[in-house]
Amino acid sequence: MNASSATVSRTLVGRVLWYLPVGLIVLFFAFPLIWMVMTALKQPVDVFSSPPKFVFAPTLDNYKRVLSSDYMGTVGNSIVVAVVSAAFSIVLGTLTAYGFSRYTLRGQDNLLFWILSLRMLPVIAVIFPYFLLFQRIGLTDTLLALMLVYSIFNISFTVWLLKGFFDEVPREMEEAAKMDGYGPWGVFQRVALPLVVPGIATAAVFNIVQSVNEFLLAFVLTQREATTAPVALLNFLTPLGLDWGGISAASTMLVLPVAVFAVLVRKHLIRGMSFGQLE
Amino acid sequence: MATLRLDKLNLVYGGKGNAATHAVRDVDLAVGDGEFCVFLGPSGCGKTSTLRMIAGLESPTSGEIRLDGRVINRLYPGERDIAMVFQSYALYPHLTVRGHFELPLNAHKVPKSERERRVAEIADLLQMEDVLDARPRQLSGGQAQRTAIGRALIRQPKLFLLDEPLTNLDARLRLETRAALKRLQSELGITTVYVTHDQEEALSLADSIVVMHDGRVQQVADSRALYADPVNRFVAGFIGTPPMNFAPAVVQPGTTGLKLEVAGFVLPLTTEARPGVLGTGAAVTLGVRPGDVGLDGAPADGMPRGRVVVVEPLGDERIVSVALGAAPTADAPIWKVRAPKHGPAGGVAPGDLVGLTIRPRGLRLFDAASEERVA
């Protein structure tokens, strides 16, 4: 064996040793998703077969059934609620986080903790107060009610996440913009904001996933009109048993828009997940 | 172009009780039109704080800042017509070099055609045409530095501030950039305030140097005057490499005038040393520049002497450290002396007893208590 082929085989061995465990980890975490997609394509008889079938004749029956039901309307509700509440909490959260990061406020630490404590609250503890409140002001079974409640929970997370990002923006960069002739808003918009885009992308994904997943509040606060997809999945629980094929097809369609969004912002997401580290 | 005046400028950080730090104390200063003024001092001396007050990034606790006679204390930084280069350059990772140049023009709503003309002009001036579309992480240290300078100069400010701009460059590039900066400043004739802790930088760049210490201005002078006529012991010790040699001394009556008793030897105080107000018995600190002391291999009787402690070879010359006294004690003052390699004491080694010849014109005396210059 000559020297160059030795190097090739060494790098080949190195690659296998690297990709094998990575592949196994990915498979482990992606397995439920893969299983869901496979179940969505199975005939009812294949769904329950034992041992489980990995090779089967695929069918689109489950998708047809889901598409012809009113489920897609609830997916629409979920997406509208998630996007609006994420947008609202990002706008408010970004401004709040910038304020906390750049200005010294009286009782700043207490305020920040109070904001965080919103997140610590178990949803079940506030669910009936919310229900009574929305009933009183006539907002039950409206998308607006869900948008408001989700925004409240999302803002606390967004403020904490983005404060960390703003803290990492060097002061000198903002001072340089001040010297260049920008006022406080210009400094925020031209310098601070573009530098925290990874943080905003991360917050957006977390907020959207959170809202799309949420079940308990949506279950209590909506009846028909504003029902979201996680609640609508209950309809697949029939007197005849669970329609696993239908649930899987429906879930796939709920996951798809979120996955597409995550792929679109993935460039920022990787830097966002590593928390700051500008260049 | 513009003149800058500082009147009784003070800056106190913290403000409450003992925690307050008086960073800048009663600074008075006038910088003339087109002048290159350098603030020089050790870290924490208040030089950067003063610069930041001029820039508007820090509000003075008291005092006035005037640019062309107009008080600018209360103006927002962007309204002062002052540009600044930061030590870290403060470049934005999301903007290209062109973006950096355009940013200040956009802030002042300069029309597009004029903007393009000025960007081309500044890129030409700084030789940055090739990297206009590069982002900061693609730039070398020198290019990043020129980007910061270009961003500052592009809107033709009245006053140009630089905060230790050469610190992050390697030694060779620092020398090149220093020369380029000096040329640029004199070509543009722009009034400049430059902060550094590096005296070599200050001496080579400045029309006038402001030496600061403990928040106060110690002396404002050109490089020659600072070196030859320091007003106090701090300035004397801070300017010059190696620094001035000091030794405690007492003034005594001599046969033909006053004499100085230092570490067991006696020096006549000649008229050249301007005795002034010195009286018999006064405790002073004697200061002598390393270049004003000569080494003699074999000390004659009564001649100042000392023992060699360290010899540092530096090419053509050596820096010899000598502990003063015939039998120096552990706390004897140590003087550094420049000795030419082929001079009379070219071959001295640690432990040797050597004689010291002191040029009478090289004597500087400072009051032992106040440290002010007395002769």
Side-chain angles (χ1 to χ4, degrees), chain A residues 90 94 97-98 101-109 162 164-204 265-279, chain B residues 14-15 48 51-52 54-58 75-96 99-110 135-139 144 147-165 168:
Chain A
I90 281 171
T94 307
Y98 187 67
S101 173
R102 282 300 183 255
Y103 299 93
T104 327
L105 311 164
R106 211 145 42 103
Q108 174 157 10
D109 292 345
L162 289 179
F165 276 86
F166 281 122
D167 285 346
E168 295 230 346
V169 173
R171 294 230 164 196
E172 284 200 342
M173 284 196 191
E174 296 199 352
E175 289 175 349
K178 282 186 194 168
M179 298 300 303
D180 286 345
Y182 288 98
W185 179 253
V187 170
F188 170 71
Q189 187 204 343
R190 300 274 181 152
V191 178
L193 205 55
L195 291 176
V196 300
V197 165
I200 291 176
T202 310
V265 298
R266 72 185 184 286
K267 192 183 89 190
H268 300 299
L269 219 49
I270 293 164
R271 279 206 295 158
M273 298 287 187
S274 55
F275 288 92
Q277 304 308 320
L278 308 159
E279 307 295 305
Chain B
T48 296
L51 192 80
R52 289 174 59 85
I54 299 171
L57 299 172
E58 215 74 66
L75 291 183
Y76 198 73
E79 299 167 344
R80 297 188 176 201
D81 212 355
I82 295 175
M84 179 160 166
V85 173
F86 292 83
Q87 185 177 351
S88 66
Y89 313 147
L91 300 182
Y92 312 123
H94 60 290
L95 290 186
T96 60
H100 282 87
F101 290 165
E102 282 180 342
L103 203 67
L105 301 179
N106 289 336
H108 291 87
K109 310 241 180 322
V110 175
R135 285 178 202 277
R137 75 184 134 197
Q138 297 162 309
L139 299 177
T147 307
I149 292 175
R151 172 176 64 184
L153 289 180
I154 196 159
R155 63 189 167 90
Q156 300 154 350
K158 282 185 177 170
L159 185 64
F160 188 28
L161 308 177
L162 299 112
D163 185 10
E164 311 223 9
N168 294 336

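Proteins come first, then strands; the chains are lettered A, B, ... in the order of their sequence lines, and each starts at number 1.
Closest of all the heavy-atom pairs between B/Y76 and A/Y182 is CE2-O, 3.1 Å. Nearest heavy-atom pair, A/D180 versus B/A107, reported as atom, atom and distance to 0.1 Å: O-CB, 3.4 Å. Heavy atoms only, all atoms of each residue included: A/M179 and B/I82 are closest at CE-O, 3.4 Å.
Taken to the nearest 0.5 Å, the NE2 atom of B/H94 stands 8.5 Å off from the CE atom of A/M173. Atom CG of B/L57 is separated from atom CZ of A/R171 by 11.5 Å, given to the nearest 0.5 angstrom.
In this structure, chain A has heavy atoms under 4.5 Å from both the backbone and the side chain of B/L103. Residue B/R52 touches chain A through its side chain alone, counting heavy-atom pairs closer than 4.5 Å. Heavy atoms closer than 4.5 Å to chain A are found in the backbone of B/L91, but not in its side chain. Heavy atoms of B/A83 lying under 4.5 Å from chain A belong exclusively to its backbone.
By the 4.5 Å heavy-atom criterion applied to side chains, B/N106 and A/R190 are counted as neighbours.
For the set A/G186, A/A176, A/A177, the entry with the most heavy-atom pairs within less than 4.5 Å of chain B is A/A176.
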